[in-house]
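Just so we're on the same page: letters track the sequence lines, and every chain starts at 1. Just so you know, these numbers come straight off a predicted model, no measurement behind them. Side chains included, hydrogens not; waters and symmetry mates left out as well; all remaining heavy atoms used.
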Amino acid sequence: MMKDYTRLMKSFIMKNILIDLNVLLDYYEENRRKKYPDSIKAFDFLKHKDFAFVSSSSIDNLEFLKYSDLSRAYPTKTRKEKLKIVHKIIREILSYFKIAKTPSYIEIDYEDIEDSLIVASAKAIDGLILTRDEKLLSKCPDITISPKEFLGKYVYYNDKSREIKMLDLSREIFNIYPEIEKGLDKVIAKSNFILGEEVRQLEEKIANYVGTKYAVGVSSGTDALVLSLRALAIQRKKKEFFDKEDLIITTPFTFTATGEAILRAGATPLFVDIDIDTYNIDPEQVEKAVKKYGKKVKGIIPVHLYGQPCNIDEIMRIAKENDLFVVEDCAQSLGARWDGKQTGSFGDTGCFSFFPTKPLGGFGDGGMITTNDEELYELLLMLRKHGGKDKYNVEYIGYNARLDTIQAAILIEKFKHLDDFNERRREIAKNYNEQLKDVDWIKTPYEHPKAYHVYHQYTIRVLNGRRDELQKLLRKKGIQTMIYYPVPLHEMKVFVENGMRVVGDLKEVQKAVKEVLSLPVEPLLKKGEIVSVLNSICFSILIY
Amino acid sequence: MSYKIVLNIHNKDIMDKLLWILRHFENEGIEIIDYKKNLEQAKWDEEYVEKHWREIALSTDSADLDDDERLYEAYEEFYHEKHSD
């Protein structure tokens, strides 16, 4: 019994709700409003909720049924007049709720085709059908819910268990799904899955946006780094790979891909300390490393961590003075600017990631390389496609590292929202900053005056040594937080055993590793959710 | 045996007064079933619809959805009208 109860409760958690026609009709007729008050309460509760949908199959039926009702009530009215009323209703409904598609994978029940369509819609959004239809409720108990049950168990349980996630991807996707679906359908209809027109379009859009001559779509942010380094080895050394003794300077306070790419390109990572205020590579340390290792140093990979640009003026100066290449790791920084110029436009190449959680995220892996260098561009085109202009007669050791057309189609649609989403993250960050500025054991993020930080992560430092306790407490309150990154690269076996070099004691990195905590900052975060995070942090003071 | 009177009143003041009088007879067996604005008389132009659409929508009495025969007839009528526009 207890097990069944748990199963039932679990099936309610965070499910989307698809409102059946009978509930919609209840809302727009006085007699039905009196007779079915739960429908009205449920409808009102669901207005403007991002998990509330109506099925595309219901709209046509709604038009017909309400029209028929009006015909009986007002027999002298013209068709045009009656439709005006019906369309007002439909417009209002669509202003409250999103449309769930009717997919092609319908299991048609010839006894009730209408039900088959709505069931298919519910499956498409992983949702529950809110219905008064007793037949449907008993036929499909796993995917239906009555208004009464909804107002009781669903609202109560979800209110209690609603988590504030670091990133609610399905919320983001369903918000713009009609646009994405259009792009997907186009690719599927044409079936141009490899390097289709959409890849070229996205490359053009990103190059224009970042402000470079060229952009090359690749299979991931990691591959963007690897291909960049391989192309630079071919260009600068006239060799397929760097040599083991070639050093590439980077930060150990980053995702492993940055260091991994250096190893995969044949070189050795040279880790230097960060500026603790920005968490980015410290140009003074870069300069020290160049002085110490001289000509062995071939290049620098600055990472615009959390969406804040590095002090790229200094990095570029050092690179120029010492004939070093610069590969910008922009995995988290699409849209971020330094002195008004986009990240990814300063170095020899800029490497972007379209991992789903990134500022511009696809439905899987993807990446992009930006460059102004025509020779590098040509090499990158070859390397992503097995190493040759002609894949049946190749020149270099290449990769199968193309960006899929289907990902490009999704990204083109999502790209339209990038600036708005970045701006929204900045607003949330501002809100956090203002509310947390007086908490003396928290250090809020510092934004360099020349930087336009896009807050891919909003990362605080917990200065009282109780970061892990705070994270546990927030978790108990249903607030997800993350530690980016718990282990610095110079402590990872893969780098230790592959000859990494380190300059200095990296004490700022050590400090960051122990103190950083990233709070939810997704663009669709609601005001109430931000307040909950802030309240929970402030509440923790009472416990400390 | 009971009787029903359906009236069409063109003046709201008169309707209010009449209702007031009728309510005095509720104990004598008069039941006021319904009274509503006659929305049919006005011309449903853009301005009127903008102002009264909700009221009009709420005033209908929906069909019995289980009565398939009636539903199909209405469906046929709806599409016949649509395609004869």
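Here the NZ-CD1 distance, from A/Lys84 to B/Ile56, works out to 10.0 Å after rounding to the nearest 0.5 Å. Expressed to the nearest 0.5 Å, how far NZ of A/Lys82 lies from CZ of B/Phe78 amounts to 10.0 Å.
Other residues, nucleotides and ligands contribute only 12 or fewer heavy atoms inside 6.0 Å of the NZ atom of A/Lys186. Counting non-hydrogen atoms of other residues, nucleotides and ligands closer than 6.0 Å to NZ of A/Lys101 gives a total above 12. In A/Lys182, the NZ atom is not crowded: 12 or fewer heavy atoms of neighbouring residues, nucleotides or ligands sit closer than 6.0 Å. Other residues, nucleotides and ligands contribute at most 12 non-hydrogen atoms within 6.0 Å of the NZ atom of B/Lys51. Other residues, nucleotides and ligands place no more than 12 heavy atoms under 6.0 Å from the CD atom of B/Glu46.
With a threshold of 4.5 angstrom between heavy atoms, A/Tyr67 approaches chain B through side-chain atoms but not through N, CA, C or O. Heavy atoms of A/Lys66 lying under 4.5 Å from chain B belong exclusively to its side chain.
The minimum heavy-atom distance linking B/Asp61 with A/Asp69 is given by the pair O-OD1, 4.2 Å.
Note that B/Arg54 lies outside the cation-pi zone of A/Tyr28, set by a 6.0 Å cut-off to the ring centre and a 45° limit from the axis.
In this structure, the side chain of A/Arg32 does not engage the main chain of B/Leu58 through any donor-acceptor pair within 3.5 Å.
A/Phe45 meets the ring-ring contact (aromatic ring centres under 6.0 Å, His included) test with A/Phe150; sequence neighbours excluded.
Within residues 85-98 of chain A, the residues approaching chain B closer than 4.5 Å by heavy atoms are, in numerical order, A/Ile85, A/Lys88, A/Ile89, A/Glu92.
Within the 4.5 Å cutoff, the side chain of A/Lys80 has no heavy atoms near those of the B/Trp44 side chain. Between A/Tyr74 and B/Ser59 the shortest side-chain heavy-atom distance falls below 4.5 Å.
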